[in-house]
Amino acid sequence: MERILTGDRPTGPLHLGHYAGSLRNRVKLQSEYDTFIIVADVQALTTHWETPGLIGVNVREVALDNIACGLNPEKASIFVQSMVPQIAELTIFFGLFTTADILFCRADVVPVGEDQLPHVEVTRFIAGRFNELYGEVFPEPRAMVSDVSRLIGLDGNAKMSKSLGNAIYLNDHPADIGKKIMSAVTDPARIHKTDPGHPEICTIFAYHKAFNAGEVPEIEDCCRKGAIGCVGCKKNLIVKLEVILAPVRERRAEYDKPGLIDDILIMGTEKAVKAGVETMALVREAMHTNYWKER
Ligand code: SF4
C-alpha cells in the first residue's frame with residue numbers, strides 16, 4: 001500500500017473550504033492508502049507565534065474535525081507534529097545547511113575557526129529570534145576565534161585536509177611524521193643554507209608558529225639571515241611535534257580497548273541528552289507545546 005501524508009495547521013477550526021478541498025477526499029483515500037494526517041502544530045507556530053496557547057486547543061479541535069468528517073483512527077494515523085522526535089531528528093540532518101546544534105545545550109561560547117563564524121552568526125540569529133518571540137530561553141552564543149584557526153597543508157595548500165592528502169594525523173607513526181615533515185614545502189628561494197629565506201611563505205615556519213611559539217623569533221631571524229638550513233629547521237620541528245604527539249599517542253593506546261570508547265560515548269551522550277531534555281522542556285514551555293505534561 002502506498003503512503004499518504006496530509007494534514008492541517010491547527011490555527012483555528014476547520015471550515016467548509018477544508019471539507020470541500022481536502023477532508024472529503026481524505027475520507028476516500030484512507031481506504032486506498034496508508035494514511036498519515038499531520039496536525040502541524042510546529043508549522044502553525046510560524047504564523048501564530050503570538051498565541052501559542054491556542055494552538056494546543058486547536059490541535060484537539062482539528063483532530064476532532066477530521067474524525068467527525070469520517071476519518072477512521074484505525075485506518076488513518078492522526079498525529080501531532082511536535083510529538084514525533086524523528087521529525088526533529090530529520091531536521092537536524094536537513095539542518096546541515098543551517099546548523100543550530102549549538103543551541104541544544106544552550107552553549108554560551110563556541111570556540112571556532114574563522115571559517116565557522118557564519119554558522120555562529122546564523123545560530124545567534126535563530127536564538128535571538130526565538131527569544132524575541134517566546135521569551136529568553138537561549139543564550140546568544142559568542143564565537144571564540146582560535147589563534148591558529150586554520151593550519152596550512154604539508155604541500156603549502158591553504159588548508160590541511162584528508163581529501164587533499166596533505167595532513168599529519170594524530171595517530172601517525174613518528175617515522176611517518178618525520179618523512180612528511182622532511183618532504184614538506186618550504187621557501188623555494190632557499191637552495192643553499194646561506195640563502196636568505198622568507199619564513200612568511202614557508203609551511204614549516206607556520207607549523208613552528210603553531211607548535212613551537214617560543215622559538216619563533218629566533219627561527220624567523222635566522223631564516224631571514226640564512227643562518228639556519230631548512231633540514232635543521234625541519235628536524236627541530238619534528239622533535240617539537242614529538243613532544244606534543246608522544247603523549248597523545250600513549251593516551252590513545254590506553255583508551256583504544258574493546259568497548260571502552262563506546263562506554264565513554266554512552267556516558268557523554270547521556271549527559272548531552274539530559275541537557276537536551278532540559279532545553280526542550282524550556283522550549284516546549286515557552287512555545288506552549290507541552291500538551292501532555294500532566295499525564
Ligand atoms: Fe622555512 Fe625554516 Fe627553511 Fe626558513 S629555515 S624556509 S622557516 S624551513
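It should be emphasised that the depicted structure is a prediction, and the values quoted were computed from it without experimental measurement. One-based numbering, in listed order, for ligands and for the atoms of each. Just so it is clear, the values below take in all heavy atoms, side chains as well, and ignore hydrogens, waters and symmetry mates.
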Is the backbone of Glu218 close enough, under 3.5 Å, to the side chain of Asp221 for a donor and an acceptor to pair up by distance?
-> no
Do you know how many protein N, O or S atoms are within a distance smaller than 2.8 Å of atom 4 (Fe) of ligand 1?
-> 1
Identify each donor-acceptor pair in which a side-chain atom of residues 226-244 lies under 3.5 Å from a protein atom, sequence neighbours left out, and give them as a table.
{"from": "Lys234", "atom 1": "NZ", "to": "Met182", "atom 2": "O", "distance (Å)": "2.8"}
{"from": "Lys234", "atom 1": "NZ", "to": "Ala184", "atom 2": "O", "distance (Å)": "2.8"}
{"from": "Asn236", "atom 1": "OD1", "to": "Lys240", "atom 2": "NZ", "distance (Å)": "2.6"}
{"from": "Asn236", "atom 1": "ND2", "to": "Glu215", "atom 2": "OE1", "distance (Å)": "2.9"}
{"from": "Lys240", "atom 1": "NZ", "to": "Glu215", "atom 2": "OE2", "distance (Å)": "2.7"}
{"from": "Glu242", "atom 1": "OE1", "to": "Arg249", "atom 2": "NH2", "distance (Å)": "3.1"}
{"from": "Glu242", "atom 1": "OE2", "to": "Arg249", "atom 2": "NH1", "distance (Å)": "2.8"}

Between Asn66 and Asp8, is any side-chain donor less than 3.5 angstrom from a side-chain acceptor?
-> yes
Each residue besides Ile38 in its hydrophobic cluster should be listed here, by chain and number; the cluster joins Ile, Leu, Val, Met, Phe, Trp and Tyr at side-chain heavy-atom distances under 4.5 Å.
-> Leu5, Phe36, Phe79, Val84, Ile87
Does a donor on one side chain sit under 3.5 Å from an acceptor on the other, for Lys75 and Ser31?
-> yes
Pairs involving residues 272-283, ordered by first then second residue, that meet side-chain hydrogen bond (donor to acceptor under 3.5 Å, both in side chains) (sequence neighbours left out) = Arg106-Thr279
